[in-house]
Amino acid sequence: PAWALSRGSVRPAPRRRGGRRHAEVNGRKKTFTELQTERLEQAERTVLIKCPSKISEKKLLQYLSSHGKINSHFFFENRGIHALIEFSDKNSIASLQDVIGIPGATEHHVVPFKSRLFTFTMKNLVAQAAAETQIRLSPQSHIPVKDLIQKLCGADSISSQMYTLLNEYQLTEENIKLRYLACSLVSDFARAYFPDSVVKPFGSSVNTFGKLGCDVDMFLDFNEARKHIKKMTKGPFEMEYQLKRLPSERLATQKILSVIGDCLDHFGPGCVSVQKILNARCPLVKFSHQPTGFQCDLSVSNSIAIKSSELLYIYGCLDSRVRALVFSIRCWARVHGLTNSVPGAWITNFSLTMMVIFFLQKRSPPIIPTVDQLRALADDEDRHVIGSYDCSFVSDLSKINPTKNTETLDELLYSFFEYFGSFDFRKNSINLRKGKEVNKPESCPLYIWNPFEQDLNISKNVNQPQLEKFVALARESAWILKKEDKTQRMISKEPWGLAALLIPFGKNNPNTIKNRAKGIGSETIKSLLDSLKLSNVNNLQKAVGK
């Protein structure tokens, strides 16, 4: 099976594609804001229940239905069996909370709090034994790479391999609901201090490029509260709220996060390992949310980060090849150690995604438009200037003409490696606003312009050895795709196409890459060495071996 089960009475549910069912309204793809609003409201009507290991799904739903109609539900395993229950009416949750007890304080003192996290138990062991039944589990993590490779080998083309990888790795509908619920549960705490605030997800959880198992980035949003703060315009008086005044927005952010962090640490059900990182460029609170199994980063209103999420959402919705290529490249990069979950000099997933988008902007004809082209399509409602940065771009996807580019993913995967394997990183930077290479404004190994904050390089952390390793692996991957005999590999049952790229190079035959780097097996790598001015062939071998 694709996932391990700890109990014989529980079986996995089939995967569902990530949120495709809810992505359209009246035949039109929903805007980023429409989808966010819908899912946030949906989360407000949702509860999470820790269940006994053996439970009757029918009896549980029957009991819960006495408090109101249930729209949807699913079960998953994370430190035990959990059920996510979405009611059709928010009042159903209040009805349920009224009959739920506060845990006894025999060993530890508890602070009463009406959360939407519940624990259900059977009242007697006989009833528990009788309740044994098969519960369909929704997987919350992707399959291991070795199982993925085996699955890819059964495909009939590299394109179908890439879509298979996408389907296995992307967020499922259930996982997306769980992410919004995690934010909604944190909102319950934040509102104790800031009644009109709301906690929203951003980044990979919402931009269509999230992978099963990725962290949940969330932010505390005060924009809704600010909309209601209006001065009285009629009569002889002006009225406004009396509010605490702080010398800077950064200090206010730090104090807000400090309070919320302490609250989650001391009283938040399931919130553990809380860390307050208040002196970072973007202050945040990190914590683990045990009921959902997510690692979470909480920050305060970061408008530009939200616009970046929306921009990627648009690119991910425009053409199915975009996400398929991004997921494949990011999986390839992780297998070969180009990316890492620990911060450092590695290329980040965000930088890799931007490189793929830039590459697709440069195809002939382009597969996706540049940021400037999206800005030209914006109407008055799309105009957003944040600080001194113009973050305007069209939000209605129907206003963007589909591409006439018909290249297959097979062609695009090879061309991506070929393009960046010969890219002049010494001289050029990557600019998604213009969709073309421009001279570097400063000296650093890799320069990718932030799409909105144009004075920032989103890849500033990347050092020269890591860039050289990326270039060497890109060239090697292009060589493999160009030279391989798919039919022969399938006959001999060897991994082929994308599957062949997801095995660390040199693992089966360490001399292979050395020989190619020396020119024995490949003139392609040898002819491209000058673009990075690697000091000698040993540098290439060293970079590949890292």
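Position 1 is the first residue of the sequence; numbering continues from there.
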Can we call the ring centroids of Phe416 and Phe359 under 6.0 Å apart? yes
Looking at Asp396, is its backbone amide N or carbonyl O close enough to the side chain of Thr31 to form a donor-acceptor pair, meaning the two atoms are under 3.5 Å apart? no
Do Lys436 and Asn431 come within less than 4.5 Å of each other through their side chains, counting heavy atoms only? no
Answer with yes or no whether the side chains of Asn405 and Arg321 bring together a donor and an acceptor at under 3.5 Å. yes
To check you understand the geometry: which heavy-atom pair defines the closest contact between Ser303 and Ile386, and what is its length? CB-CD1, 3.5 Å
Taking it one step at a time, do Asp455 and Tyr389 satisfy side chain to side chain donor-acceptor pair (under 3.5 Å)? CA-CA 10 Å; Asp455 50 349; Tyr389 303 109; 3.1 Å; yes
Point-to-point distance, once rounded to the nearest 0.5 Å, from CG of Leu501 to OG of Ser328: 9.0 Å
Any Ser157 side-chain heavy atom under 4.5 Å of Asp410 side chain: yes
Would you say the side chains of Arg323 and Gln170 form a donor-acceptor pair under 3.5 Å? yes
More than 12 heavy atoms of other residues, nucleotides or ligands under 6.0 Å from CD of Gln150: yes or no? no
Can you name the one residue among Gln36, Lys200, Arg39 that meets side-chain hydrogen bond (donor to acceptor under 3.5 Å, both in side chains) with Tyr180? Gln36
Between the side chain of Ser309 and the main-chain N/O of Gly203, is any donor-acceptor distance below 3.5 Å? yes
May I ask you to establish whether Lys307 and Phe393 are in a cation-pi arrangement, using a distance under 6.0 Å from NZ or CZ to the six-membered ring centre and at most 45° from the ring axis? yes
Do the side chains of Leu166 and Val326 get nearer than 4.5 Å, heavy atoms only? no
Main chain of Pro445, side chain of Gln464: is a donor-acceptor contact present, judged purely on distance under 3.5 Å? no
Take Phe417 and Ile480 through the test side-chain contact (heavy atoms from CB on, under 4.5 Å) and record every step on the way to the result. CA-CA 10 Å; Phe417 292 129; Ile480 289 172; over 6 Å; no
Please step through side-chain contact (heavy atoms from CB on, under 4.5 Å) for the pair Lys29 and Ser398, ending with a clear verdict. CA-CA 7 Å; Lys29 286 184 179 177; Ser398 64; over 6 Å; no
Going by the angle between their ring planes, with limits at 30° and 60°, are Phe425 and Phe423 parallel, tilted or perpendicular? tilted
Counting distance only, does the side-chain N/O of Gln140 pair as donor-acceptor with the main-chain N or O of Ser138 below 3.5 Å? yes
Phe358/Trp449 aromatic ring centres below 6.0 Å: no
Could you check whether any side-chain N or O of Gln466 sits under 3.5 Å from a backbone N or O of Ala345, counting only pairs where one atom can act as donor and the other as acceptor? no
Taking Lys399 first and then Glu381, would you say they form a salt bridge - that is, a charged N and a carboxylate O separated by under 4.0 Å? no
Heavy-atom closest pair (Trp496 atom, Ala155 atom, distance to 0.1 Å) is CZ2-O, 3.1 Å
Salt bridge present between Lys427 and Asp424 (N-O < 4.0 angstrom): no
No-hydrogen, no-angle side-chain donor-acceptor test under 3.5 Å, Asp390 and Ser392: yes
Nearest heavy-atom pair of Ser395 and Glu310: which atoms, and what distance? CB-OE2, 3.6 Å
Side chains of Thr348 and Ser351, donor plus acceptor under 3.5 Å: yes
List the atom of Tyr313, the atom of Leu397, and the distance in Å for their closest heavy-atom pair. CE2-CD1, 4.4 Å
Taking the side chain from Asn78 and the backbone from Gln290, do they hold a donor-acceptor pair closer than 3.5 Å? yes
SG on Cys183 to CG on Leu40, rounded to 0.5 Å: 7.5 Å
Sidechain-backbone polar pair: Gln373 side chain, Arg433 backbone, donor-acceptor under 3.5 Å: no
Donor-acceptor check, side chain of Arg475 to backbone of Phe420, threshold 3.5 angstrom: yes or no? no
So with a 6.0 Å cut-off around NZ of Lys440, is the heavy-atom count from everything else above 12? yes
Distance check, rounded to the nearest 0.5 Å: Arg334 atom CZ versus Asn340 atom CG? 6.0 Å
Only one of Leu165, Leu498, Val335 passes side-chain contact (heavy atoms from CB on, under 4.5 Å) with Leu148, and that residue is Leu165
Begin with the C-alpha distance, continue with both residues' side-chain angles, and end with the deciding distance and a verdict on side-chain contact (heavy atoms from CB on, under 4.5 Å) for Leu171 and Lys211. CA-CA 6 Å; Leu171 301 182; Lys211 182 182 77 169; 5.7 Å; no
If you define the side chain from C-beta out and look only at heavy atoms, does anything of Leu374 sit under 4.5 Å from Tyr315? yes
Is the shortest distance from a Lys or Arg side-chain nitrogen in Lys362 or Glu437 to a carboxylate oxygen in the other one below 4.0 Å? yes
Would you check if Leu413 and Trp332 make a side-chain contact, meaning some heavy-atom pair closer than 4.5 Å? no
Between Thr353 and Arg330, do the side chains contain an N or O donor and an N or O acceptor separated by less than 3.5 Å? yes
Nearest 0.5 Å, please: how far is OG in Ser299 from CG in Asp297? 8.0 Å
Distance-only polar pair, side chains of Arg179 and Ser205, donor-acceptor under 3.5 Å: yes
Does any N or O in the side chain of Asn167 come within less than 3.5 Å of the main-chain N or O of Thr164, such that one atom is a donor and the other an acceptor? no
Does the side chain of Gln254 reach to within under 4.5 Å of the side chain of Pro283, using non-hydrogen atoms? yes
If you define the side chain from C-beta out and look only at heavy atoms, does anything of Lys286 sit under 4.5 Å from Gln295? no
Of all heavy-atom pairs between Thr208 and Leu312, which one has the smallest distance, and what is that distance? OG1-O, 4.0 Å
Going through the checks in order, is the side-chain contact (heavy atoms from CB on, under 4.5 Å) test met by Leu284 and Val300? CA-CA 8 Å; Leu284 57 92; Val300 175; over 6 Å; no
Indicate yes or no for a side-chain donor-acceptor contact from Ser288 to the backbone of Gly293 under 3.5 Å, with no hydrogens or angles considered. no
Tell me the closest heavy-atom pair linking Ile368 and Ile357, and the distance in Å. CD1-CG2, 3.5 Å
Working to the nearest 0.5 angstrom, can you tell me the gap between Met355 CE and Ile347 CD1? 5.5 Å
Reported CZ-to-CZ distance for the pair Arg375 and Phe452, which is rounded to 0.5 angstrom: 10.0 Å
Flag the pair Pro451 / Met354 as yes when at least one side-chain heavy-atom distance between them is below 4.5 Å, and no otherwise. yes
Step through it carefully: locate the ring centre of Phe327, locate the ring centre of Tyr169, and say whether they are under 6.0 Å apart. no
